[in-house]
Amino acid sequence: MTIPILLQQKLTNALSQVLGATLPEDFKGLVTPSADLRFGDYQSNAAMMLAKRVKTNPRALAQQVVDAIGNDDVCSMEIAGPGFINFRINPGFFAVGVGEMLGDARLGVPFTESPKSIVIDFSAPNVAKPMHVGHIRSTIIGDSLARVARFVGHKVITDNHIGDWGTQFGMILWGWKNILDVSALEQNPIDELLRVYKDVNVQCKENPDLLPICKAELVKLQGGDEENLGIWKRCVDVSKSGLQKIYDRLDIHFDFWLGESHYNDALAPLVDEMIEKGMARESEGAICVFSDGSLPAQEDPFLVQEKGEWRANPCIVRKADGGFLYATTDLATLDFRTKNWDADSIWYVVGAPQALHFRQIFDVERRRGVTGDFRHIAFGSILGDDRRPFKTRSGETVSLQDVLDEAVERAGKVVEEKSPDMPQEEKDRVASIVGIGAVKFAELSQNRMTDYVFNWDKMLALQGDTAPYLQNSYVRVKSIFRKVEGEAQDWSLPLVLSDDAEIHLSRLLVRYGEVVPLVLDDCRPNILASYIFDLARAFHSFYEACPVLKSVGDVRRSRLALCELTSRVLKHGLGLMGIDVPDRM
RNA sequence: GGCUUCGUAGUUCAAUGGAUAGAACGAUCCUCUCCUAAAGGAUAGAUGCGGGUUCGAUUCCCGCCGAAGCCA
């Protein structure tokens, strides 16, 4: 049981006793971590909130509650300010907590009380175009959420919904037939495909007649033309293997790669069914879903206000020319995931600009009678220097591969500088772990909703609140254990904590079990990132202040135990963010 | 025009309605005869403007100002 839950129980019991009644249901989360250690480890504002109801003053009520809880070996209490009850955990109780965690493979992280079947849709790059920096957020955040959700006991299915049926194939097909360099394709298929795509793009801009020709190729493909299908299949295969290389570097794995093309056959029947049900109807040749009036106008994604008048903002599911849209595919995808995978919850880790789109399709899907907890986990845009979103096709996009290469290269220079004597093979491995880690941590340590300006130095920083700082704290622990190799350690003996740095490190260590589940409350990995950073900082301070190997007896044993647990929590917490750690650096 | 998101130190970011708003980078100082200095310690520096709700507002509500996005 985590400390806040324990304190919550004590508090709730005491409040019931004092008030002579059980607490109302809406009284939850009364015990929170204190923002400042001067106010103890945890605090409660219950007295201030309840004083008015029972017509007494907050400090008097707080005093009654404190008296009712009574003293024990867990914590001491004080009343402060306008009526806060501050709980200061006894160091001995932290020592017990650290001991328990050392015997627990889950490091104190509880399983969720309501395990769900969750499909997480993230990354989703387009075929025949390399991933660019714009894919970083979805890919890294989605992967981290999947890891956390799995660890707390949910059944997680990750699905890479690649764009393998988009309009870009019109250009690629024409390019394949007219300007493809076959030998280049054999040597480096991804680059050649990209070259072809870019080249045709330029040609289309120069020659307006070309675009309809490309479109005709697309229509042939969609009509099932065998030659075009064959080319398409090769493009998809080649692209997938190229993408897989990037995912391998990032240590990211998908359970499925069901792209847009997987849903082709489902689209027509789906639209017909909606017409039959009366949900969708024809408008100017297209088939649309309109507002059903079930929501107040302001919240209705199918209405938009213009000059004071509400007008329809339909969700188009079939164009006048018979073509289908993203919305149609997404509806079919929701169907598939709900029915075939028994998904309770489907999470889309997709940028904030898509917010309206998802509101619409989620609403349509509910009206079709498909229930589920559908969530759009939005994130802010990556901007260019001009503070405008990084756009594809501008020719200015930075490929994800370039970002990773640059990250590893920069890390390599630091390794060279700091550890010149390391064997080259190990230098390379450390550079890779540090570089990739830096990119991931830069992403995960930020609140996902904020936009940021793309900047090499920021994304690849190696000083301060960055992955290498965390990795280095792990390395420092490891260096201690290298010196005591062969020495038998018994982690089950009780710990003795006296130094402030030891106590503070313990205070953070025992919080791991309460922090991990918080990540999923609002799908925010930065909560975990921030905790791990605090932990690493506490460890560095401890490392400077408390010599481990030079100490003796219980003190030495206790400090070694703290080091052991710190290394486990660091490695595990970073693991939930998909960040690896080296043993030396 | 409507809707969404956002506005915090010089810069980049934090802060489930809580107390004296936290970090990092940058700046200025200290600390390696000591387990890895990719480190530790110290100093200076911020909530766009105006109302409201509340015991208490960076957070919730309203109105401005400004930024970005989405829908036409």
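Both backbone and side-chain heavy atoms feed into the values below; hydrogens, waters and symmetry mates do not.
The distance between atom CG of L37(A) and atom P of A19(B), rounded to the nearest whole Å, is 14 Å. Note: CZ (F302(A)) to P (C3(B)) measures 18 Å, nearest angstrom. Atom CG in D300(A) sits about 17 Å away from atom P in C71(B), given to the nearest Å. As rounded to whole Å, 10 Å separates atom C1' of C13(B) from atom CG of N447(A). The CG atom of D36(A) sits 18 Å away from the P atom of A15(B) (whole-angstrom rounding). Atom pair D451(A):CG and U4(B):P shows a separation of 17 Å (rounding to whole Å applied). One atom, CG of N45(A), and another, C1' of G17(B), lie 9 Å apart when rounded to the nearest Å. In this entry the distance linking CD of Q354(A) with C1' of A68(B) reads 16 Å, nearest Å.
Separation of the P atoms belonging to A24(B) and A39(B) is 11 Å when rounded to the nearest angstrom. G17(B) and G7(B) have their P atoms separated by 14 Å, given to the nearest Å. Look at the P atom in both G51(B) and U58(B): the space between them is 14 Å, to the nearest Å. Using atom P as the reference point in both G40(B) and C3(B), the two lie 48 Å apart (nearest Å). Distance check on atom P: G50(B) versus G45(B) gives 22 Å, rounded to whole Å. If you take atom C1' in C6(B) and the same atom in U12(B), they sit 16 Å apart, rounded to whole Å. For U59(B) and G69(B), the C1' atoms lie 23 Å apart once the distance is rounded to whole Å. To the nearest whole angstrom, the two P atoms, one in A9(B) and one in G48(B), are 8 Å apart.
Heavy atoms from other residues, nucleotides or ligands lying under 6.0 Å from CZ of R482(A) number more than 12.
A donor-acceptor distance shorter than 3.5 angstrom exists from the side chain of T12(A) to the backbone of Q8(A), with no hydrogens or angles considered. At distances below 3.5 Å, at least one donor-acceptor pair connects side-chain atoms of Q360(A) with backbone N or O atoms of N313(A).
You'll find that the side chain of V304(A) is closest to C71(B), out of G18(B), C71(B), A19(B). Of the listed nucleotides (A15(B), U20(B), G18(B)), A15(B) has the atom at the smallest distance from the side chain of R524(A). Looking at the side chain of Q446(A), the nearest of the listed nucleotides C13(B), A19(B), A15(B) is C13(B).
Between F481(A) and W491(A), the ring planes are perpendicular. Angles over 60° get that label, and only those under 30° would be called parallel. In this structure, W456(A) and F454(A) have perpendicular ring planes: the angle between them is above 60°, well past the 30° mark. Between Y512(A) and H572(A), the ring planes lie perpendicular to each other; the angle is over 60°, past the 30° to 60° tilted range.
Contact annotation: T450(A) reaches the phosphate of A14(B) (side-chain N/O to OP1 or OP2, under 4.0 Å). Contact annotation: N313(A) side-chain N/O to C70(B) OP1/OP2 distance is not under 4.0 Å.
Using a 4.5 Å heavy-atom cutoff, the side chains of L560(A) and E487(A) are in contact.
Residue A80(A) is classed as a base contact, given a heavy-atom separation below 4.0 Å to a base. As judged by a 4.0 angstrom heavy-atom cut-off over every strand, R311(A) is placed among residues touching the sugar-phosphate backbone only. Residue contacts shown for D457(A) are absent, as no nucleic acid heavy atom lies under 4.0 Å away. Residue contacts for Q471(A): at a heavy-atom cut-off of 4.0 Å it reaches no nucleic acid atom on any strand shown.
Between A352(A) and S34(A), the residue whose closest nucleotide on RNA chain B is further toward the 5' end is S34(A). Between L356(A) and N86(A), the residue whose closest nucleotide on RNA chain B is further toward the 5' end is N86(A).
In this structure, Y469(A) has its ring center under 6.0 Å from that of H540(A). F290(A) has its ring centre no less than 6.0 Å from the ring centre of F302(A).
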| query | Using a cut-off of 4.0 Å between protein heavy atoms and nucleotide atoms, how would you tag nucleotides 31-42 of chain B 5' to 3' with B, S and -? | reply | ---SBBSBBSS-
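Among S473(A), S479(A), C563(A), the single residue meeting the side-chain contact (heavy atoms from CB on, under 4.5 Å) criterion with Y543(A) is S479(A).
Here the CG atom belonging to D580(A) is positioned 9.0 Å from the CG atom belonging to L574(A), to the nearest 0.5 angstrom.
Helical stems in RNA chain B, defined as runs of 3 or more consecutive Watson-Crick or G-U wobble pairs with donor-acceptor distances under 3.5 Å: B:1-7 with B:65-71, B:10-13 with B:22-25, B:27-31 with B:39-43, B:48-52 with B:60-64.
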